[in-house]
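A short worksheet on the structure shown next.
A note on names: the letters A, B, ... follow the listed sequences, proteins ahead of strands, and every chain is numbered from 1.
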Amino acid sequence: MSSIEEEQEEQEKQEKQQSVLVLGGGVCGIQVALDLADMGFKVYLVEKKPSIGGHMAQLDKTFPTLDCSACILTPKMVDVARHPNIELLTYSEVLAVSRASKSFEVTILKKSRYVNEDKCTGCGICAQYCPIEVPNEFDQGIGIRKAIYVPFPQAIPLIYTIDKENCIKCGLCERMCEAEAIDHNQQPMKITVTVGSIVVAVGFQLFDAKNKQEYGYGRYDNVITGLDFERLVNAAGPTGGHLARLSDAKIPKKIAFIQCVGSRDEKSGNLNCSRVCCMYAIKQAILAKEHIPDADIHVFYMDIRAYGKGFEEFYTRAKEEFNVKFVRGAVSEIVEIPETKNLIVRVEDTETGELLEKEFDMVVLSVGLTPPSDSEAIENILGISKGEDGFFSSPDPQIFTVDTNIGGIFIAGTAEGPKDIPDSVAQASAAAMKASVALVQLTQEEKHVEK
Amino acid sequence: MAEEFEPKLIAFTCNWCSYAGADLAGVSRMQYPPNVRVIRLMCSGRVDPIFILEALKRADGVLVTGCHIGDCHYVSGNLHAEVRVKLVKKALEMVGLEPERLKLEWISASEGEKFARVIKEMVDQLKKLGKNPLRDG
Amino acid sequence: MANTDIKIKETLRSSELEPNFAEEITKHPGGEKLYLCYQCGSCAGGCPVGKITNSYKPRQIIRMALLGIKNEVLSSDSIWLCASCYTCQERCPQEVEIADLMLAIRNIAAKEGHAPKAFVEQATSLIENGRIPKITGLTQRRRTSLGLPELSPAPADVVKKIAAITGFEQLMEKLKEEAKK
Amino acid sequence: MNYALFFGCVIPTREPSYEASLRAVFKELGVDLIDLDKATCCAPIPIESLDFKTSLAIAAYNLSLAEEANINIMTICNGCFQVLSKANKTLKENETLRTDINKILAEVGREYKGTVDVVDYLQVLHNDVTPERIKENISKSLNKLRVAAFYGCHVLRPSSVLNFDNPEHPHILDDLIELTEAKSVQYMHKTKCCGGLLRGISDDLASKLARNKLFNISNSKADCIVTVCPFCFLQLDVGQLDVRRRFNETYNLPVFHYPELLGLAMGIDPEKLGLKTHRISTESVLKKIE
Amino acid sequence: MIDKPRIGVYVCHCGKNIAGVVNVEDVAEHVRNMAGVIVAKDYRYVCSDPGQDMIKKDIRDYQLDRIVVVACSPRLHEPTFRRVLEESGLNPYLLEMVNIREQCSWVHMDEPDKATEKAKDLVRMAILRSQLLEPLEIKEVKVLKSVLIVGGGVSGISAALDLAEMGFKVYLVEKNESIGGHMAQLDKTFPSMDCSICILGPKMVEVARHPKIKIISHADIVRVEGYVGNFKVKIRENPRYVISDRCTGCGECQEVCPIEYPNEWDINLGVRKAISVPFPQAVPSVYRINIDYCLQCYKCVEACGAREAIDFGQKPKETELNVGAIIVAIGFEPYEPYQLKEYGYGTYQNVITNIEFERLINAAGPTEGKLIRVSDMKVPHRIGFIQCVGSRDERIGHIYCSRFCCMSAIKQARQIKEKLPEAEVYIFHTEPRTFGKGFEAFFRKTREYGVSVVRGRASKVLEDPETGNLTVFVEDLSLGKPVEVEVDLLILSVGMSPPKDLESLSRTLRIPRDPDGFLLEAHPKLRPVDTHTAGIFLAGACQSPKDITDSISQAKAAAASVAALLSRGKIRVESMIAHVNQDLCIGCGLCQEICPYQAMTIQNKKSKTIPALCGGCGTCASTCPEHAITMKHYTNKQILAEVVTAFQR
């Protein structure tokens, strides 16, 4: 196979290392970064939050295997932190991108954590002594964190951050930190990097259930969203994994799941199916049963979309093994009983034509996926276009799944449209593939110029 | 009254199919009796008659599991395992030990339910058979 | 299955259905979005009338319309039981204007000679008096006692003229005839 | 600030107390109301049910009167508000229908141009008169009073046409009530229909719905109900007699038109407000606020 | 260091996953005083960064040389912790993992005490074993910068192009005459309504032209040997009776050929010549003689003339490829609905499948795109679609949803409405699964066309022998009423089945299949395109049903994984291999006989292992009559240590 040997040498000669920017540190961005880094490219991974991990880090278990989400994600997060080819820029945002001949010049703002990243050991003493407690966004505001914090124990990087809004500058953290990492005067930093390609993996934003007035989310204590539920059943969550009502900490015995909240809903401005809600609701129904075996659980749905590998079987198990009751009907309204804070769900069972008025202790809204909050900004900075659904879109989403209207910039994961984890991971690798091809071509062009 | 006899079961699993099957049983939260101690090998073909005999000195039963015929990660390891287990069974009969104390099962990576079932069934059977006379202690 | 009081055949045969019925409705203001209905039931779920009687099930009426069950639907009392509270319309995820759609179906029914007596009477009174309620002595007495001016008759002529042009007057006549039968 | 006052036909004929109290209150607040003499019925849902076009034409006619006066039209009846708003929207947006309708109007010597808006008097009070001004005019605190606000349907829905208030959790009427320092109580199924439009179609269903309403309100320990629609008023005031007859349940919940309640708070003589014309005696309330 | 091991034991809570059932503190306490155990700790998440740092610190502080991690399945985290050892300068094989999650806490939830006891036993077994562990030599081999892609459908094509662009040598093996797969048969794609062949055609040509890609069509995989980075694959090219290199694809032979036979590619409605290509855009454009139909009149030979491309003596040709990685992309087969007698497919002429419909509506199809029904060539005006044919059906063992049929039917319904606006179109479905990007909007638009969507699974179909019309019997679940709809043409939306040759291929490749019969990925969530065999990856519908978009994504993903692997240049090979003790070996050759990898050779009457070839199953070790063979990392000593301690109290 001499010819192949030669090719090998030829490949190895390609010394100059091309670099790439990955926007977003969720499971998708992580996969893109790892793939490209493994191919030998230099990767800048930019995440606006203090830690990578994205929504997946918030999940308790994954469907349909019920793997513990953290258990499969954290190793990958650790890999990112360890990888020699990856430069991790957390708590950072892209300010501007300009085309420099074939490549891109990217200006990144590194927001100040007011903690010296090199010195902080993540020991957590500071947080122990910090007197300020604020709702923890990572726990959907159900749990609390300190004004100096890491969002969750397995955070990568394990570096603390002071949120200035709430900090009272009492200086306790400063006094307690043996590493002398606290720096209240730390200034935000601008970094400029030149990359050959950009992959946008900024993920999604959950539909704001408050917009569905008739369900009373935000008004009724015991109406929660699917993501709230994930934190409620998670052992590392605010309740230590005890599924309880927010109004009175009682164990809910009757739980309803309501599907298509903000999906397939012209009125809510999201016509499309969010692709994950059916399965995560089924998963959560099963988890609820595991936490509260005698719980009576109803799922109110329009169509169950168990389309993926092993999904149908999972759906069947929920029905037959866990005796979860599935009722085909879109819930019309939820009424709170003022005294008990219980909830009356009003819905037609479209298979019997019966109007049901069922009382529940807790209602979980299976909210859909909507475009990322900062999609506007990114659209402006990168000049990549969106589809009718508001997600970033390829000019030909079918064949060129991960392309954008701008050569060298690619999209992946839920930033391109609702997806479950495997589809996001697959698309992540797909984008990595396209990016690598772009980078290789760039190298060849450069070689060409040299000659 | 004396408490129910709790048989001791040693199971050899191959890494690729049956150990994965056992993992799947766990992931799917399928419950089975805790009487079993699993020993992971790379292939059921690795199971040496000595292992079985030594195991039978300390347990009431031995279970050997591997990939289904044709699915062996190492092509043919399970074929050899099959032959060996048959031979050992014969030997056991000769020394007057119930051959049911030794069992061979093919369990694939997707048969978590089967793994749980096999363990349950075998433990129940061993309960009926009672303590293994060869077992010391 | 808890059904509306619309009496339909035990088995529906395409030969006996009228597939154009749905289209006819979509041509009528308010009925345009009929085809979009995906039978989720959020209309019926919140319906105050459906809650107290089995005789009215908006989703099922829409389904029948889509299937082309024409005469049974048009001749039923069911379509007149909608209280027009517009809750369904508020909730429909496909933005089907269900309450208005019911009005569209009623319009078609009326043309086919089906309408409740009460409505026909109110309409007739409107054509004749320019008002639906009649002015009685009691009314005037009450008004004066409250220092309100006596009511002058409403411009019935205007209404009458409009009703004549739109064929509304004739329609009412026809409906009164039907009622007599 | 002035408006073309559109009464419709039920209020002047059946509920003069509503008209009287409204005129009184607005006078106090210094809002000029121009009566539309040539106005006729708004052509409500019963008419629309029989022939959409006729109802639209009649509505257009009424709107054209306000256009002539060149002032926005103010309704005090949910039915009128909804029918006129819907007609106005349809005609403004749908050109072909507009031409059709104008052909008809031409015959009665009028034209619809689409130059005015339809507002409900609650909007006027809440947005134009403003709570501050109303408070200035309030002389008597009703703070002992527990009031159940009832909006009815056609001031809220379809919200895409009316965009009056949050259709699921409205607050404007509650706010206006609490200006009198009375407590606006919460009760279940607050935005559910009173059944008014079923009168004459199925009196049985109509009073079942009225009964549910009364039942939920009485659970909230309210002293009285405040409505903003003549049909709701009939359902809940006169309706209580019907409910007693059919279900043998007595609620004795006084029902007020909002201007009547406001009038009381402004110190207007109950006689002038016409409270005597109510079928359910308002005495209990009047005592409580003495 | 072997004689006096210093062991660190780390028991993981895994949040509540383990600690919720097993008393982890107790477990750690239980082994703390065992011989050789220096430290025994329990920790919330041992796999977390701080957890790993803790272990590293202990290795430094206490000079540990054996690590026992008591946590989840080694199949999940063994690599993670082996790396921890390496980074601490220890040999990775001095790690022992105990699985008390998947195989203890999760399966004995109701018996916490017994679970804890079992956990203790398992940990003791591991500690005893760990004392006997030996450091293994880490070997690296070169990775060949070439890849084999099995299957030339849209998945295989996109993977091939991407990898070729990256500069890797690609062998694309296709069992049919032409690449293109099912996508080449489709008329339009959903939801964009692009002409399918217009998108695919150019890519097929690109493949043919690309210097880095070699297409081997009309060929089968015979054997796969070797290991990641260095696979040896034997391919058999079946005879075309036309010499590829000489055939110019001019088609003159086809013109003179007198024989026509039904073209299965055109649902047997169209015909093809005995020497022909299946469709005009076929790639490679090399003609083939179907010997079963050929009269051997040799007209084609004349027509070909000087080019002398035709060779009736052609024999199957076997070639061997050496590649660094393999991508399996052999796709699916449409479910054949003969078995579902209630729908009368094969009996009633006017019942066809969705795939057949694609050819029927296709302008290049047998009817030039004229929608007609087979029985009387009349244009149908009432058309029905039956969904979930061969999907979500326990009776035929297809529990799974085929994922594309809903959209395909909705698209086809739309196409009919566009061609025949007056036509009545019915879709009888179980539940519409329009989950993809823009699918729901597409569905909504199609409803606006007046397509009648009936919720209910058709229970039977009857044909009127006179008219050939069909009556569909179904319950309208939205009304709870039985409905009987008469249609002129009925389309069965058939789902996807695993290809028939998948079973044999899965054996050749040693990749297990899932319960549905498709190929099993390494991890459904995070390694959807990897298999349990290093160096072999999956793409497209052979892993599970997928539409075009998702297949392409996955294909690119597989390509990325391959690229990452090949770019590394070197890769570690199995260190757990057999070793023959030359003194004990009697050269009987038994091991050589049973070794599936030909990794054993006999040199001067003694057996020896060829490390690179050894797969590490250890069958030889347990076969050797003289116990001369030790299986590294699974020695008799090590295994027996576990056996002995299993129930030792």
### Query
Taking only heavy atoms into account, what residues of residues 28-39 of chain C are found under 4.5 Å from chain A?
C:Tyr38, C:Gln39
### Message
Side chains of C:Lys51 and A:Glu357, heavy atoms from C-beta outward: is any pair under 4.5 Å?
### Response
yes
#### Entry: Proximal component of C:Cys92, with respect to chain A [non-hydrogen, under 4.5 Å]
backbone
### Message
Which heavy atom of C:Gly41 sits nearest to which heavy atom of A:Thr350, and what is that distance?
### Response
CA-CG2, 3.9 Å
### Message
Distance check, rounded to the nearest 0.5 Å: A:Arg346 atom CZ versus C:Cys47 atom SG?
### Response
8.0 Å
### Message
Would you compute the distance between atom CD of A:Glu266 and atom CD of C:Glu95 and round it to the nearest 0.5 angstrom?
### Response
5.0 Å
### Task
Please say whether more than 12 non-hydrogen atoms of neighbouring residues, nucleotides or ligands are located less than 6.0 Å from NZ in A:Lys386.
yes
### Task
Provide the closest heavy-atom pair for C:Cys40 versus A:Met302 in the form atom of the first, atom of the second, distance.
CB-SD, 3.2 Å
### Over all atoms of both residues, closest heavy-atom pair of A:Ser332 and C:Gly45
CB-C, 3.5 Å
#### Entry: Pairs meeting criterion ring-ring contact (aromatic ring centres under 6.0 Å, His included) with involvement of residues 250-274 of chain A, two or more places apart
A:Phe229-A:Phe257
### Task
Answer yes or no: are there more than 12 heavy-atom neighbours, outside C:Lys176 itself, under 6.0 Å from its atom NZ?
yes
#### Entry: Pairs involving residues 312-352 of chain A, ordered by first then second residue, that meet ring-ring contact (aromatic ring centres under 6.0 Å, His included) (sequence neighbours left out)
A:Tyr315-A:Phe326
### Task
Can you measure from CD (A:Glu354) to CG (C:Asn54) and round to the nearest 0.5 angstrom?
8.5 Å
### Query
Can you say whether A:Arg264 sits under 4.5 Å from chain C via the side chain, the backbone, both, or neither, judging by heavy atoms?
both
### Query
Should C:Glu90 and A:Glu214 be marked as a side chain to side chain contact (heavy atoms under 4.5 Å, CB included) after you check the CA-CA gap, both sets of side-chain angles, and the distance that decides it?
CA-CA 10 Å; C:Glu90 211 45 61; A:Glu214 59 266 46; over 6 Å; no
### Heavy atoms from other residues, nucleotides or ligands near NZ of C:Lys117 exceed 12 (cutoff 6.0 Å)
no
## Note on the structure
So side-chain hydrogen bond (donor to acceptor under 3.5 Å, both in side chains) across residues 148-164 of chain C, not counting sequence neighbours, yields C:Lys160-C:Glu169
#### Entry: Salt bridge present between A:Glu348 and C:Lys57 (N-O < 4.0 angstrom)
no
